[in-house]
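Note that ligands are numbered from 1 as they come in the structure, with each ligand's atoms numbered from 1 the same way.
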Amino acid sequence: MINKPRGTEDILPSDSPLWQKIEAAAREVCDTFGYREIRTPVFEDTALFQRGVGDTTDVVQKEMYTFEDKGGRSITLRPEGTASLARSFIENSLYADPQPTKLYYLISCYRYEKPQSGRLREFHQFGIECFGGTADATDAEVITLALSFFEKLGVTGLKLNVNSIGCPVCKQEYNQILREYFRQHQEKLCETCHTRLEKNPMRIIDCKSEICSAIAQDAPKMIDHLCPDCKEHLDKTLRYLDSVGVDYIIDPSIVRGLDYYTRTVFEITSDQLGAQSTVCGGGRYNGLVEELGGKPTEGIGFAIGLERLIMIMKSQGLDQEIPQSRPDIFIAAIGDDADVTAQTLVYQLRKMGCRAERDLCNRSIKAQMKYANKLNAAYSMVLGDDEITNQKAELKNMADGTSKPVSLTAEEIFQNIQ
Ligand code: HAM
């Protein structure tokens with residue numbers, strides 16, 4: 001027997017209603033905030049992520065599913081959505097539309113990580129990206145969209161953590177301070193962080209190695225080294241959040257694991273997730289579009305991990321009230337003629353929008369009724385020779401056991417089960 005690859009999950013029919021509810025909530029919230037759906041390819045040119053996400057990140061250095069296709073091109077399964085959306089924004093000249101361009105996506109992502117609770121190799125994200133929003137209020141709009149989504153689903157107990165990681169100007173000065181700090185601990189750093197020290201010392205802060213992250217705990221914080229413009233942007237963002245009554249924690253330790261971020265970064269966490277406590281991560285990326293060959297364009301967005309969201313929803317019992325689909329009527333049949341009539345009626349009822357069901361396993365009549373019960377059908381009907389001759393049958397209400405005669409036309413059955 002061949003099993004599913006490590007770090008992947010089957011989403012079974014019993015869980016599908018929960019996924020559908022989440023997806024519907026995402027679409028509804030995005031619609032009210034004016035975000036429109038975009039779908040991009042599952043795989044992209046590897047260079048997109050090397051340049052977009054950054055070649056000193058864990059994602060690019062260790063976690064990408066990269067392969068050569070039959071044409072000799074280097075292809076990568078998307079580890080996230082932001083770089084793909086920035087590419088699409090440039091390639092399809094979406095900047096020519098009235099700005100900002102507000103997009104959302106529901107996608108699968110691929111990262112070769114060590115699987116554990118809340119960490120998969122194939123996972124799903126609901127994300128949004130806002131390109132070309134130059135006003136300071138954009139950051140608060142993006143954050144409040146995420147919070148509105150959780151609220152719509154009834155999820156509680158989440159914490160919003162906000163930080164600023166500055167712009168290229170203040171980041172450069174900060175990187176120098178950081179380098180000096182980490183040089184004091186150089187011999188203890190992991191091999192990857194040795195290279196990061198010169199190229200991109202901020203990456204050491206989110207290194208997954210225990211020793212590196214322990215050293216990083218006492219490292220100088222970006223928030224204490226922001227330039228006046230970045231400081232003002234952070235203050236304004238917090239003021240907008242205050243104005244709509246959003247609670248947040250300023251967490252100077254957030255640096256995010258991807259290179260494109262500038263200024264505002266944020267994470268939404270839950271105590272119910274264990275070690276992988278972040279359900280939503282996002283931030284600004286004012287340099288990304290230009291890095292990928294477009295004109296300088298401001299950008300900000302977030303992504304929510306749907307498997308982690310489902311873990312939270314299940315632990316809060318929010319998967320309980322979702323109704324599973326069930327047949328409106330089950331038509332059982334004994335004999336060839338009755339079987340053909342059952343088939344015709346089921347077909348006609350389905351065309352009328354009715355969830356009609358019949359047996360497809362040649363069951364005995366007793367087993368057909370047992371099956372109708374298992375499916376939790378609202379009504380049932382048994383067709384035999386008499387019913388075919390008289391063109392009438394008993395329509396049984398499965399909840400209260402009552403029944404009434406109806407003629408064997410889809411219209412009459414339909415009317416009586418509404
Ligand atoms: P990220 O923090 O890498 O950011 O991922 C966002 C969310 O995806 C995480 O908070 C987590 O819930 C989920 N996630 C990440 N990796 C895994 C995994 N291996 N297994 C299960 N869930 C996972 C991004 O992807 C950015 N593109 C977010 C963004 C959008 N920033 C700006 N715009």
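The N/O atoms of Y260, backbone and side chain alike, include one that comes under 3.5 Å of an N/O atom in ligand 1. At least one N or O atom of L120, backbone or side chain, sits closer than 3.5 Å to an N or O atom of ligand 1. For a threshold of 3.5 Å applied to N or O pairs, the pair formed by R119 and ligand 1 contains no separation below that value.
At least one heavy atom of G283 sits closer than 4.0 Å to an atom of ligand 1. Using a 4.0 Å cutoff on heavy atoms, Q276 does not count as a contact of ligand 1. Not a single heavy atom of G257 sits less than 4.0 Å from an atom of ligand 1.
Remark: K62 fails to qualify as a cation-pi partner of Y112 under the 6.0 Å distance and 45° angle criteria applied to the six-membered ring. A cation-pi geometry, defined here as NZ or CZ lying under 6.0 Å from the six-membered ring centre and within 45° of its normal, holds between R363 and Y371. Stacking of R121 on the aromatic ring of Y110 is not recorded, the 6.0 Å distance cut-off and the 45° axial limit not both being met.
No option in D139, D136, T138 other than D139 meets the side-chain hydrogen bond (donor to acceptor under 3.5 Å, both in side chains) test with T264. Results of the side-chain contact (heavy atoms from CB on, under 4.5 Å) test with I331 over D359, V346, D339 single out V346 as the only residue that passes. Among the candidates E44, R78, E129, the single residue satisfying the side-chain hydrogen bond (donor to acceptor under 3.5 Å, both in side chains) test with S84 is E44. Of the listed residues (T57, N175, T195, T56), just one forms a side-chain hydrogen bond (donor to acceptor under 3.5 Å, both in side chains) with N200, and that residue is T56.
Checked against the 6.0 Å centroid threshold, F126 and F149 count as a close aromatic pair. Not less than 6.0 angstrom separates the ring centroid of Y261 from the ring centroid of Y285.
Nearest to atom 21 (C) of ligand 1 by heavy atom, out of G305, G118, G52, is G118. Around atom 29 (C) of ligand 1, the closest heavy atom drawn from Y105, Y261, Y110, F123 belongs to Y261.
Between P220 and Y174 the shortest heavy-atom distance is O-OH, 2.7 Å.
Protein heavy atom nearest atom 10 (O) of ligand 1, with residue, atom name and distance: T278 O, 3.3 Å. Closest to atom 25 (O) of ligand 1 among all protein heavy atoms lies Q125 NE2, 3.0 Å. Looking only at heavy atoms of the protein, atom 32 (C) of ligand 1 is closest to G301 O, 3.2 Å. Counting protein heavy atoms only, atom 11 (C) of ligand 1 is closest to R308 NH1, 3.4 Å. Protein heavy atom closest to atom 7 (C) of ligand 1, with residue, atom name and distance, is A303 O, 3.7 Å. Nearest to atom 24 (C) of ligand 1 among the protein's heavy atoms is L258 CD1, 3.6 Å.
Annotation for ligand 1: atoms under 4.0 Å from non-hydrogen atoms of R256 are 1 (P), 2 (O), 4 (O), 28 (C). Atoms of ligand 1 lying under 4.0 Å from any heavy atom of G281, numbered from 1 in the order shown and given with element: 10 (O), 28 (C), 29 (C). Annotation for ligand 1: atoms under 4.0 Å from non-hydrogen atoms of G282 are 31 (N). With ligand atoms numbered from 1 in the order given, ligand 1 contributes 29 (C), 30 (C), 32 (C), 33 (N) to contacts under 4.0 Å with heavy atoms of F302. Close contacts of ligand 1 with V279, meaning ligand atoms under 4.0 Å from a residue heavy atom, involve 10 (O), 12 (O). Heavy-atom proximity to E129, at under 4.0 Å, picks out these atoms of ligand 1: 30 (C), 32 (C), 33 (N). Listed by number with element, the atoms of ligand 1 under 4.0 angstrom from any heavy atom of E113 are 16 (N), 18 (C), 19 (N). Heavy-atom contacts of E80 reach the following atoms of ligand 1: 25 (O), 26 (C), 27 (N) (cutoff under 4.0 Å).
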| query | Which is it for Q186 and R183 under the side chain to side chain donor-acceptor pair (under 3.5 Å) test, yes or no, and what are the steps along the way? | reply | CA-CA 5 Å; Q186 195 164 356; R183 272 195 198 119; 5.2 Å; no
| Step-by-step salt bridge (charged side-chain N to carboxylate O under 4.0 Å, His left out) determination, E113 to K208 | CA-CA 11 Å; E113 292 195 81; K208 289 185 185 109; 3.3 Å; yes
| request: Would you please test E173 and K171 for salt bridge (charged side-chain N to carboxylate O under 4.0 Å, His left out) and show each step? | output: CA-CA 5 Å; E173 282 173 29; K171 227 187 216 172; over 6 Å; no
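When non-hydrogen atoms are compared, ligand 1 lies under 4.0 Å from neither the backbone nor the side chain of R121. The proximity of C280 to ligand 1, defined as any non-hydrogen pair under 4.0 Å, is limited to the backbone. Of all the heavy atoms of I300, none lies under 4.0 Å from any atom of ligand 1, so neither backbone nor side chain is involved. By the criterion of a heavy-atom distance under 4.0 Å, neither the backbone nor the side chain of E307 is placed next to ligand 1.
N161 and T269 form a side-chain donor-acceptor contact under 3.5 Å, judged by distance and modelled atom types alone.
Ring geometry, F131 versus F89: the interplanar angle falls under 30°, so the pair is classed parallel (tilted spans 30 to 60°).
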